[in-house]
Amino acid sequence: MIASPIVGRFAPSPTGPLHFGSLVAAVGSYCLARRAGGRWLLRLDDLDQPRVVPGAADEILHTLEALGFAWDGPVVWQSGRGEAYGAALERLRQQGQLYDCACSRREILASAPHPGEEGPVYPGTCRQGLPAGRAPRAVRIRVPDREILFADGVFGRQAQNLAQEVGDFVLRRADGMYAYQLAVVVDDAASGVNQVVRGADLLGSTPRQIFLLESLGLPVPAYLHLPLVLNADGSKLSKRHGDDDSPLAWSGGGLLCKALRWLGQPVPAELEQAPPAEVLAWGAEAFKAGDIPAATEIAVDSVGKSR
Ligand SMILES: [Zn+2]
């Protein structure tokens with residue numbers, strides 16, 4: 001048997017139990033990788049240690065197992081990958097792309113730059129060297145003043161000018177923590193991931209990640225961004241959302257059917273009573289990327305019934 005070239009992954013953050021929004025990303029990434037006969041990897045994005053909830057990682061792994069997910073290879077933990085992130089940072093520094101920044105968040109806000117993709121666009125204060133008497137805090141990368149283009153598998157053609165919409169961004173924070181943007185590209189490349197399926201909240205981060213991959217001489221994966229699950233009131237689903245969406249409140253098969261329907265897939269009604277592995281097997285056969293709704297956000301109450 002010839003191995004499929006597709007390598008997908010699911011990378012939850014252990015900041016709480018698996019909620020329905022994360023489950024949608026798990027189901028989408030799993031079905032797209034398996035449908036292509038590819039591998040599906042699991043990584044725990046626990047880089048932001050202060051936000052990690054003790055026990056959450058174990059609970060996520062347990063929930064995934066109970067729902068019939070089987071991943072390939074060992075689970076990767078970002079908290080154990082600091083050396084790789086440091087090496088990537090060093091390479092970018094040797095290429096002359098980095099500089100130290102002394103600015104505090106308050107100073108950046110006070111310099112009144114226009115709002116960007118994530119907070120204010122950094123005005124470049126330290127680009128030509130630290131102001132006299134100031135100590136370095138963060139490490140930033142110089143971004144190009146040109147459009148970064150990519151074709152998203154759900155949202156189509158995307159373009160972003162990093163200089164105008166983001167500014168030179170931080171790769172290592174003042175507290176010494178590596179930025180998520182750096183960690184994610186280093187990890188995906190090290191694992192050979194070439195199909196990134198995740199929530200649309202990261203659509204706007206993708207050009208930064210492509211720029212980093214290109215700067216590090218790493219291959220750029222295919223991207224498919226899935227609509228975010230919102231609460232019925234339009235707020236972002238960040239925790240387990242009431243009893244209705246708790247993995248424990250649904251039968252495993254029913255919950256997976258709900259996630260598949262949410263991704264526009266016509267799951268047969270009889271599968272709702274089926275064991276989870278059977279529902280995932282259906283998804284691995286029948287999942288169609290073209291059926292995923294190209295909406296950045298969908299309220300959780302508008303789906304899951306008979307859609
Ligand atoms: Zn600065």
Side-chain angles (χ1 to χ4, degrees), residues 11 13 15 45-52 78-79 81-150 158-190 198 200-218 220 223 236 238:
S13 295
T15 53
D45 283 2
D46 60 343
L47 191 67
D48 197 351
Q49 282 289 322
R51 289 186 59 233
V52 168
Q78 283 196 326
S79 54
R81 303 259 311 137
E83 214 169 296
Y85 309 147
L89 197 78
E90 188 49 36
R91 173 165 176 181
L92 295 168
R93 193 186 286 282
Q94 281 172 10
Q95 291 172 179
Q97 290 178 270
L98 306 185
Y99 63 90
D100 292 333
C101 171
C103 304
S104 66
R105 187 166 178 78
R106 180 191 295 249
E107 286 169 326
I108 294 169
L109 282 169
S111 61
H114 53 288
E117 178 64 38
E118 255 172 47
V121 174
Y122 180 66
T125 316
C126 308
R127 215 175 203 233
Q128 310 305 329
L130 289 177
R134 296 294 304 273
R137 289 169 51 88
V139 175
R140 289 182 187 271
I141 185 163
R142 282 173 227 280
V143 299
D145 189 8
R146 64 172 163 87
E147 282 197 324
I148 307 271
L149 303 169
F150 71 102
Q158 304 289 309
Q160 191 184 71
N161 181 309
L162 290 178
Q164 287 166 24
E165 296 175 56
V166 179
D168 297 342
F169 57 96
V170 169
L171 294 189
R172 200 178 66 207
R173 297 172 8 181
D175 60 6
M177 196 182 288
Y178 294 105
Y180 171 75
Q181 310 291 354
L182 180 68
V184 72
V185 305
V186 168
D187 287 342
D188 281 341
R198 58 188 181 186
D201 51 337
L202 290 164
L203 194 59
S205 289
T206 307
R208 264 170 288 176
Q209 294 173 11
I210 291 172
F211 169 60
L212 288 175
L213 287 164
E214 290 174 349
S215 297
L216 290 164
L218 298 170
V220 176
Y223 292 99
K236 196 181 164 192
S238 58

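As the structure lists them, so they are numbered: ligands from 1, and atoms in each ligand from 1.
- Shortest non-hydrogen contact noted between Ile108 and Arg140 is CD1-NH2, 3.2 Å.
- Annotation: side chain of Val185 is not in contact with side chain of Tyr180 (no heavy-atom distance under 4.5 Å).
- Taking 4.5 Å as the limit, every side-chain heavy atom of Tyr223 sits out of range of all side-chain heavy atoms of Leu203.
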Output, in order, the C-alpha distance, side-chain angles, deciding distance and verdict of salt bridge (charged side-chain N to carboxylate O under 4.0 Å, His left out) for Arg134 and Glu107.
-> CA-CA 13 Å; Arg134 296 294 304 273; Glu107 286 169 326; 3.1 Å; yes
Side-chain donor-acceptor pairs of residues 94-103 under 3.5 Å, sequence neighbours excluded:
from  : atom 1 : to     : atom 2 : distance (Å)
Gln94 : NE2    : Glu90  : OE2    : 3.3
Gln95 : OE1    : Arg91  : NE     : 2.9
Gln95 : NE2    : Gln97  : OE1    : 2.5
Gln95 : NE2    : Ser215 : O      : 3.1
Gln97 : NE2    : Ser215 : OG     : 3.1
Tyr99 : OH     : Asp168 : OD2    : 2.6

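- Within the protein, the N, O or S atoms sitting under 2.8 Å from the Zn ion (ligand 1) are Cys101 SG, Cys103 SG, Tyr122 OH, Cys126 SG.
- Of the residues listed (Arg198, Gln160, Gln158), the one engaging Thr206 in a side chain to side chain donor-acceptor pair (under 3.5 Å) is Arg198, and it is the only one.
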